[in-house]
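Structure first, then comments.
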Amino acid sequence: MVHLSTELIHADDKDNRVTDVAPPINVATTFRYNNDDLIPWNDRENLDFMENEPIYSRLAHPNSTRLESLFSQILGGHAVIYSSGCSAFFAAMIHLNPKRIFMGQSYHGCRAIAHILTRNFDVKQHTLDEIEEFAQEGDVVHLETPVNPYGTSYDIQSFADRAHAKGALLIIDSTFAPPPLQNVWDFGCDIVMHSATKYFGGHSDLLSGVLVVKDEEACKKLRDDRIYLGTNIANLESYLLLRSLRTFEMRVLKQSENATKVVKFLFDNREKYNKVLNKIYHSSLQTEEFVKKQLKGGYGPVFSLTLQNVEQCKKLPSKLEYFQHATSLGGIESLIEWRALTDPYIDQTLIRVSIGCENADDLIQDLGNALQALQDEA
Ligand SMILES: *Cc1c(COP(=O)(O)O)cnc(C)c1O
């Protein structure tokens, strides 16, 4: 088997069209037809030809094709690329067309999409506790693990078993722990999604999302739908994402290692900062057996804290030197966010932390100083 670091650099070699070592940025929306190969759309058996002969960039373009080659290899299935994580989730909903969606704590944007489906198409929403009671054939269980914003894990295999017992499908949003941290196929899920905006992009400068399915037919249908949903990744973003993927493994492993060290520091020193810190949430603090099995390659780089009061939440970010106060996660730079600023459904004292590729000791010192300052004030 070829290893992840090699696939990240070579899985799209087969899509080379020119001799350039770095794939060119293509800005064209439309491409000249090959006058020696004029086959009417209706006579085409499938859309595979577009991989070699792009037509119009909403359908496919050279770097979106490269990304799908690469993601199909590294994510172990048939990958379909999108303009954002939200458009990937929406595409999955349009494709599966469930009557009921079962969802727990999860990214607020996915929940908002479920609300749109409920508003327009009367799709019923249920909690994850209601699978046994209400799930039927063709319904969708949507599980995010590790979960936003906590960074804690759910037992994927148990949800797969519960969904399948009812004929429902399990989608895993694995954005918070892409491979090599977690390989969700090992635990019986049906569709995987990632917001590629986060770790795959990794530099806080592009939006993208990806769905991965096991079945080639499903992949073709998703690509067909995407043509008319208009949600293919954009030209410039596709170049940036390709460039980012080359270094993805070393970034995410460093982020994971850093986060595990930072969480350990906070946990070991929780008494020292007891007038500031309330709870710490992260998979590395969970003791259930499935957690280590799922996060075989390392813990996710996001964790959350709750503080003693809202005033401390407002102050903490400005006392830090290396953590920028901003939403999002997955980038090489560490971020911290008082989550109430963007998430309408969340505990008002929750602080989400996304660890980057800085030196872990510097991050620990920075956090320690800021917490000490708040402890002294309290
Ligand atoms: C960011 C995120 C999304 C949405 O992705 P976008 O690329 O911002 O549309 C979905 N799920 C999770 C877990 C996320 O963190």
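On a predicted model such as this, the values are computed, not experimentally measured, just so you know.
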### Query
With distance as the sole test, does T197 use its side chain to make a donor-acceptor pair with the main-chain N or O of S208 at under 3.5 Å?
yes
### Message
When you measure from the side chain of H95 to the backbone of A91, do you find a donor-acceptor pair of N or O atoms at a distance under 3.5 Å?
### Response
no
### Task
Answer yes or no: does atom NZ of K214 have more than 12 heavy-atom neighbours from other residues, nucleotides or ligands under 6.0 Å?
yes
### Query
Any salt bridge between D155 and K293, counting N to O under 4.0 Å?
no
### Message
For a 4.5 angstrom cut-off between non-hydrogen side-chain atoms, does R111 reach Q125?
### Response
yes
### Message
Between Q312 (side chain only) and Q308 (backbone N and O only), is there a donor and an acceptor less than 3.5 Å apart?
### Response
yes
### Summary
Quick note, ring-ring contact (aromatic ring centres under 6.0 Å, His included) partners involving residues 185-212, not counting sequence neighbours, are F71-F200, H194-F200, F200-F248
### Query
Stepwise, does the side chain to side chain contact (heavy atoms under 4.5 Å, CB included) test hold for F323 with I351?
CA-CA 12 Å; F323 292 80; I351 295 277; over 6 Å; no
### Query
Counting N and O atoms only, with roles assigned by atom type, does the side chain of E337 sit under 3.5 Å from a partner on the main chain of P317, one being a donor and the other an acceptor?
no
### Task
Taking all non-hydrogen atoms of both residues into account, name the closest pair between A259 and G300 and its distance.
CB-O, 4.0 Å
#### Entry: CD on E358 to CG on L363, rounded to 0.5 Å
5.0 Å
### Message
I'd like to know whether CD of E289 has more than 12 heavy-atom contacts from other residues, nucleotides or ligands below 6.0 angstrom.
### Response
no
### Message
Quick check: closest heavy atoms across I25 and Y239, and the distance to 0.1 Å?
### Response
CG1-CG, 3.4 Å
### Query
Among side-chain atoms of R58 and T29, is any donor-acceptor pair under 3.5 angstrom?
no
### Query
What do the steps show when you test L70 against Q73 for side chain to side chain contact (heavy atoms under 4.5 Å, CB included), and what is the final call?
CA-CA 5 Å; L70 210 163; Q73 277 301 323; 6.0 Å; no
### Check: Q372/D376 side-chain N/O donor and acceptor closer than 3.5 Å
yes
### Query
Just by modelled atom types, is the E130 backbone N or O under 3.5 Å from a matching donor or acceptor in the E133 side chain?
no
#### Entry: Donor-acceptor contact present, side-chain Q105 to main-chain E144, <3.5 Å
no
### Query
For the atom pair NZ (K198) and OG (S174), what is the distance rounded to the nearest 0.5 Å?
12.5 Å
### Sub-4.5 Å side-chain heavy-atom contact between D173 and S106
no
### Message
If we count only N and O atoms by modelled type, under 3.5 Å, do the side chains of S284 and T260 hold a donor and an acceptor together?
### Response
no
### Query
Can you tell me if S84 uses its side chain to pair, donor with acceptor, with the backbone of L207 under 3.5 Å?
no
### Query
Does the salt bridge (Lys or Arg N to Asp or Glu O under 4.0 Å) test come out yes or no for K221 and E217, once each step is laid out?
CA-CA 6 Å; K221 285 183 184 156; E217 271 317 297; 5.4 Å; no
### Query
What distance separates D347 CG from Y281 OH, expressed to the nearest 0.5 Å?
6.5 Å
#### Entry: Derivation of the side chain to side chain contact (heavy atoms under 4.5 Å, CB included) call for L236 and L240
CA-CA 6 Å; L236 294 170; L240 284 171; 5.6 Å; no
### Message
Are Q182 and I156 packed together at the side-chain level, in the sense that at least one heavy-atom pair is separated by less than 4.5 angstrom?
### Response
yes
### Query
Can you name the nearest heavy-atom pair linking A88 to G209, along with the distance?
CB-C, 4.2 Å
### Query
Does the side chain to side chain contact (heavy atoms under 4.5 Å, CB included) test come out yes or no for Y322 and L367, once each step is laid out?
CA-CA 9 Å; Y322 301 127; L367 271 173; over 6 Å; no
### Task
Among R100, K166, R162, find the one that has a salt bridge (Lys or Arg N to Asp or Glu O under 4.0 Å) with D139.
R100
### Query
Is any side-chain N of the basic residue among R223 and D225 closer than 4.0 Å to the acidic one's carboxylate O?
no
### Message
Please give me the minimum heavy-atom distance between S195 and T175, naming the atom from each residue.
### Response
N-OG1, 2.8 Å
### Task
Following the transitive rule for hydrophobic clusters with a side-chain heavy-atom cut-off under 4.5 Å over Ile, Leu, Val, Met, Phe, Trp and Tyr, establish whether L75 and I9 coincide in one cluster.
no
### Message
So, taking the atom named OG in S204 and the one named CG in L329, what distance separates them when rounded to the nearest 0.5 Å?
### Response
8.5 Å
### Summary
Using a 4.5 Å side-chain heavy-atom cut-off and chaining through intermediate ILVMFWY residues, the residues clustered with L222 come out as V80, Y82, F89, F90, M93, I94, L96, I101, M103, I113, L117, F121, V123, V140, L169, I171, I191, M193, L211, V213, L229
### Query
Should V302 and W338 be regarded as members of a common hydrophobic cluster, given that ILVMFWY residues are connected when their side-chain heavy atoms come within less than 4.5 Å of each other, either directly or indirectly?
no
#### Entry: Shortest non-hydrogen contact between A326 and L335, atoms and distance
O-CB, 4.0 Å
### Message
A side-chain contact here means heavy atoms from C-beta on lying under 4.5 Å apart; do N235 and N63 qualify?
### Response
no
### Query
Is the side chain of S334 donor-acceptor paired with the backbone N or O of G356 at a distance under 3.5 Å, no angle test?
yes
## Note on the structure
On a heavy-atom basis, the closest approach of L242 and P23 is CD1-CG, 4.0 Å
### Modelled atom types, side-chain donor and acceptor of D161 and Q157, under 3.5 Å
yes
### Query
Between the main-chain N or O of K272 and the side-chain N or O of Q375, is there a donor-acceptor pair closer than 3.5 Å?
yes
### Query
Can the positive tip of K264 be found less than 6.0 Å from the middle of the six-membered ring of Y299, inside 45° of the ring normal?
no
### Close side-chain approach of L241 to I81, heavy-atom, < 4.5 Å
yes
### Summary
Separation between CZ (F176) and OH (Y150), nearest 0.5 Å, reads 11.5 Å
### Flag side-chain contact, heavy atom, 4.5 Å: P54 against T65
no
### Task
Flag yes if F290 and F159 sit in one hydrophobic cluster, no otherwise; membership is Ile, Leu, Val, Met, Phe, Trp, Tyr, and two members link when side-chain heavy atoms are under 4.5 Å apart.
no
### Task
Find out whether F31 and H61 are in side-chain contact, i.e. whether some heavy atom of one side chain is under 4.5 Å from a heavy atom of the other.
yes
### hydrophobic_cluster_shared for Y228 and Y56, side chain cutoff 4.5 Å
yes
### Query
Hey, what do you get for OG (S153) to CD (Q286), rounding to the nearest 0.5 Å?
5.0 Å
### Query
In terms of heavy-atom contacts, does NZ of K319 have more than 12 from other residues, nucleotides or ligands at under 6.0 Å?
yes
### Task
May I ask you to say whether K220 pairs ionically with E216, meaning some side-chain N is under 4.0 Å from a carboxylate O?
yes
### Message
Tell me whether L253 shares a hydrophobic cluster with L8, the cluster being built from Ile, Leu, Val, Met, Phe, Trp, Tyr side chains joined at under 4.5 Å.
### Response
yes
### Query
So, does N16 use its side chain to make a donor-acceptor pair with the main chain of D13 at under 3.5 Å?
yes
### Task
Would you sort out whether D122 and K124 count as a salt bridge (Lys or Arg N to Asp or Glu O under 4.0 Å), showing the intermediate values?
CA-CA 6 Å; D122 202 26; K124 300 284 185 271; 3.0 Å; yes
### Query
Among side-chain atoms of D343 and H108, is any donor-acceptor pair under 3.5 angstrom?
no
### Task
Determine whether Q136 and K99 make a side-chain contact, defined as any pair of heavy atoms from C-beta on separated by less than 4.5 Å.
no
### S69 and D15: side chain donor to acceptor below 3.5 Å
yes
